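Note that ligands are numbered from 1 as they come in the structure, with each ligand's atoms numbered from 1 the same way. This chain uses plain numbering: 1 for the first residue, then up along the sequence. For clarity, every value in this text was computed on a predicted model and none was experimentally measured.
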Amino acid sequence: MELLEIEKSLIKKYRKEIWSPFIKAIKEFSLINEGDKVAVAISGGKDSLILAKLIEELHKHSKVKFDVAYISMDPGYDKENRELLEENIKYLNIDAKIYDSEVFEVAETITKGAYPCYMCARMRRGFLYNKAKELGCNKLALGHHMNDAIETTMMNVLYAGNFKTMKPKLRAQNFEGMELIRPLYYLHEDDIKRWRDYVGLKALNCACTVTKSSESYTRKKIKELIADLKKDNPEVEKSILRSAENVNCDMVLGYQIKGEKHSFLEEFE
Ligand SMILES: Nc1ncnc2c1ncn2[C@@H]1O[C@H](COP(=O)(O)OP(=O)(O)OP(=O)(O)O)[C@@H](O)[C@H]1O
């Protein structure tokens, strides 16, 4: 498909499903402001590729003036995935720079091959923050979407015994002045997939050379569970997402604020 057609599709054909929810999140959560310099992190997957194109469109048309740098980190992809990453960036004409790293190898060595995903994710995040800082950016944009937030909430409840969601923006703990933003917060994964297929993108899917898997077992189970629940209640995803906006602190046994634990008994005395 022609580049112009691809770009137009985001704003015209997919306006309701993609452009509008993107703008809604940008405005509602005040994600990008005048004078910001945003590093957009591109892994080569569908989510970060659509994110890059949306921010590019916003950059072209918005009255709010901001700067952008498109960054991609090769954690040690195999030849095929590296080529695919390059092809996708070229196909979408994104002005991105690819930085090499040894994240896959180091994560596998440190963890001795047992559950390397957590370490890999932390190292990837660290690398991206460092690069963003080096480039003078104050924001790092990631391609997490609504279903990521919903699944994360459910994974925490069902497997980790806590209630934590994924926020649309947060301050980086170890990088002063840096914020992490998630402009796809209101986008549904199914809509992103439809756009990917419409524009003929062969996005990277299973790029991990260590576990050879695109998503964890638990995330897969949660996806299946939500899909099953949705058959009876189409509102189930919305309800999970909303639950993080409506935590009733009068009806919980305990909670944490700034790392400090509290019990309902404190109020009871
Ligand atoms: N190697 C990388 N280089 C640049 N950015 C990355 C890289 N890996 C992850 N990211 C960023 O972190 C986000 C979340 O990473 P994750 O591995 O969970 O991606 P994902 O849900 O598969 O999304 P995508 O479809 O963009 O790969 C990505 O959307 C992207 O913005």
Review point. Between His145 and Tyr185, does the ring centroid distance fall short of 6.0 Å?
Key: no
Review point. Short N/O distance, under 3.5 Å, between Leu128 and ligand 1?
Key: no
Revision key, fill the gap. With sequence neighbours left out, the residues meeting side chain to side chain donor-acceptor pair (under 3.5 Å) with Tyr186 are Glu28
Point to revise | Joint hydrophobic cluster, Leu170 plus Leu128, side-chain heavy atoms closer than 4.5 Å | key: yes
Check your understanding: Where on Tyr77 is there a heavy atom closer than 4.0 Å to ligand 1, on the side chain, on the backbone, on both, or on neither?
Key -> side chain
Point to revise | Proximal ligand 1 atoms for Lys46, defined as those under 4.0 Å from one of its heavy atoms | key: 25 (O)
Review point. Taking only heavy atoms of His144, which atoms of ligand 1 are found under 4.0 Å from at least one of them?
Key: 14 (C), 18 (O)
Check your understanding: Is the closest side-chain donor-acceptor distance between Asn138 and Glu179 under 3.5 Å?
Key -> no
Check your understanding: Are any of the N/O atoms in Ile71 less than 3.5 Å from those in ligand 1?
Key -> no
Practice item. Check each heavy atom of Met73 against ligand 1 and say whether those closer than 4.0 Å belong to the side chain, the backbone, both or neither. Key: both
Review point. When the ring centroid of Phe22 is compared with that of Trp19, is the distance short of 6.0 Å?
Key: yes
Review point. Out of Arg125, Arg124, Arg182, Lys131, whose heavy atom is nearest to atom 16 (P) of ligand 1?
Key: Arg124
Revision key, fill the gap. By ring-ring contact (aromatic ring centres under 6.0 Å, His included), Tyr255 pairs with (sequence neighbours left out) His262
Point to revise | Interatomic distance, Lys231 atom NZ to Asn233 atom CG [nearest 0.5 angstrom] | key: 13.5 Å
Practice item. Show which atoms of ligand 1 fall inside a sub-4.0 Å distance from at least one heavy-atom site of Ser48. Key: 24 (P), 26 (O), 29 (O), 30 (C), 31 (O)
Check your understanding: Short list, please: which atoms of ligand 1 are under 4.0 Å from a heavy atom of Leu142?
Key -> 11 (C), 12 (O), 31 (O)
Review point. Side chain, backbone, both or neither: which part of Ile42 has a heavy atom under 4.0 Å from ligand 1?
Key: backbone
